[in-house]
Amino acid sequence: MPPINHPFQFDVALQAAADAIRAAEGVLIGAGAGMGVDSGLPDFRGPEGFWKAYPPFRGRQFAELSTPHWFRTDPTLAWGFFGHRHNLYRSAIPHAGFGILRRWAERLPCGSFVFTTNVDGQFQKAGFPEDRIVEQHGSIHYLQCVHRCGHGLWQSDGVRVDVDDATIRARSKPPRCPGCGSIARPNILMFGDWEWDPSRYAAQALRYECWLRQVQGRRLVAVDLGAGLEIPTVRIECEARADVLIRINPREADIPASGISLAVGALEALTKIDALLGAGCEAAGCKVAGS
Ligand SMILES: [Zn+2]
């Protein structure tokens, strides 16, 4: 079904979304790169989106840069690109939509689980519980050995990479594995990546499976935010798991027949749904939900 663009239809869809959240017992929060746009993060949408964020890489593809190959052959380039993103994600402040989702989740009997392909750690930063997040592509806030020497993962809190903005190359020495001294790399699933250490992800996925079993038979709403068609993992997961699907996406808001489509950005949609929830609560004399 195509996205709903007519203002009246949009209002109807908004109300349907608010009703679904009000009736939900649990919420699956699916998030793709579009979720971070309102926090000022690039979504690398298409080659132009990538080059706009990284002008020195004009003519090259995101998939070409995001491979473990460069950590072995050109660590200054690899750590320029990933170090820049590391610094960017660390300094980003999650937009108000994260807080709205968290507040909704906290009042539901089954709470929420976050299913995301983002590696930026923004849900943890916004206060979502670590044991209710599965990061399908790993996280930039954890490092691993490029050779998987057996040292395991470690947090990148203390890592500071100085990056030359003109060339996107690391000026400081790339971090190294504390176990064997080889170059370290983020624990992110890259393209053509056979060395990704999936241990942290596997533990997250197990907790997610447990939560899905717990919420079986309960009213589960999926809110799918900024997840594009190029890598449709989040979209497919949300469609498969939820009783009601709310898809929020300014460009790719197509939905299955029973879904609710909101063709706007994450912050705008969440704020408007929350306002409707607040209005309903005020009418009922309740001050718990809504802002
Ligand atoms: Zn090592």
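The chain is numbered in sequence order, starting from 1. As a basis for the values below, the full set of heavy atoms in this structure was taken, side chains included, without hydrogen atoms, waters or symmetry mates. Every number for a ligand or one of its atoms is a count from 1 in the order of the listing. On a predicted model such as this, the values are computed, not experimentally measured, just so you know.
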**Asked** What is the ring orientation for Trp79 with Phe71, classed by angle as parallel under 30°, tilted 30 to 60°, or perpendicular over 60°?
**Response** perpendicular

**Asked** Is Glu230 atom CD crowded by more than 12 heavy atoms from other residues, nucleotides or ligands, each under 6.0 Å away?
**Response**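 It does not: Glu230 CD has 12 such atoms or fewer within range.
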
**Prompt:** Distance from Arg45 atom CZ to Phe50 atom CZ, nearest 0.5 Å?
**Reply:** 16.0 Å

**Prompt:** What do you reckon, are the aromatic ring centroids of His95 and Phe98 less than 6.0 Å apart?
**Reply:** yes

**Message:** Between Asn118 (side chain only) and Gly32 (backbone N and O only), is there a donor and an acceptor less than 3.5 Å apart?
**Reply:**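 Such a contact is found between Asn118 side chain and Gly32 backbone.
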
**Prompt:** If waters are left out, how many protein N/O/S atoms lie within less than 2.8 Å of the Zn ion (ligand 1)?
**Reply:**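 Considering protein N, O and S only, the Zn ion (ligand 1) has 4 within range.
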
**Request:** May I ask you to say whether Glu209 pairs ionically with Arg213, meaning some side-chain N is under 4.0 Å from a carboxylate O?
**Result:** no

